Amino acid sequence: MSEISKTTINLPKDLKKELKKMAIDEDTSLSGLIIKMIEEGMQSRKKPNSDGD
């Protein structure tokens, strides 16, 4: 794994609670889940639009 840099974000309590449940269901940590979601979001933004824009 690449070098890690610690950062702090503020999340609504309900969102954090839901993310923690998802992390447990996926047998990972909250940090691991958030990293995965960010990476997935970055990949989807890099894909060219197919709607002709």
Side-chain angles (χ1 to χ4, degrees):
M1 182 175 231
S2 63
E3 198 172 325
I4 299 294
S5 175
K6 186 175 180 177
T7 191
T8 302
I9 61 170
N10 296 311
L11 299 172
K13 288 182 179 183
D14 290 344
L15 176 59
K16 183 178 177 186
K17 186 176 180 179
E18 288 300 313
L19 289 170
K20 286 176 86 171
K21 288 179 186 178
M22 289 176 68
I24 290 168
D25 290 344
E26 294 184 24
D27 195 30
T28 190
S29 65
L30 181 57
S31 292
L33 177 68
I34 291 171
I35 290 168
K36 180 180 173 186
M37 292 175 127
I38 291 170
E39 288 173 342
E40 289 171 351
M42 287 175 57
Q43 287 301 314
S44 69
R45 284 177 170 254
K46 289 180 183 178
K47 292 180 184 175
N49 288 337
S50 59
D51 60 5
D53 282 346

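Index from 1, following the sequence. These figures come from a predicted structure and were not determined experimentally.
- Screening residues 34-46 for salt bridge (Lys or Arg N to Asp or Glu O under 4.0 Å) gives Glu26-Lys36 as the qualifying pairs, with residues at least two apart or on separate chains.
- In terms of hydrophobic clustering, with Ile, Leu, Val, Met, Phe, Trp and Tyr side chains grouped at heavy-atom distances under 4.5 Å, Ile4 and Ile34 are assigned to different clusters.
- Every side-chain contact (heavy atoms from CB on, under 4.5 Å) that Ser31 has, sequence neighbours left out, goes to Ser29.
- Among residues two or more places apart in sequence or in another chain, the salt bridge (Lys or Arg N to Asp or Glu O under 4.0 Å) test is passed with Lys16 by none.
- Listed by chain and number, the residues in a side-chain contact (heavy atoms from CB on, under 4.5 Å) with Ile9 are Leu11 (sequence neighbours excluded).
- Take Met37 and apply the side-chain contact (heavy atoms from CB on, under 4.5 Å) test, not counting sequence neighbours, and it matches Leu19, Met22, Leu33.
- Among residues two or more places apart in sequence or in another chain, the side-chain contact (heavy atoms from CB on, under 4.5 Å) test is passed with Glu18 by Lys21.
- Under a cut-off of 6.0 angstrom, the local environment of CG in Asp25 is crowded, with over 12 non-hydrogen atoms contributed by other residues, nucleotides or ligands.
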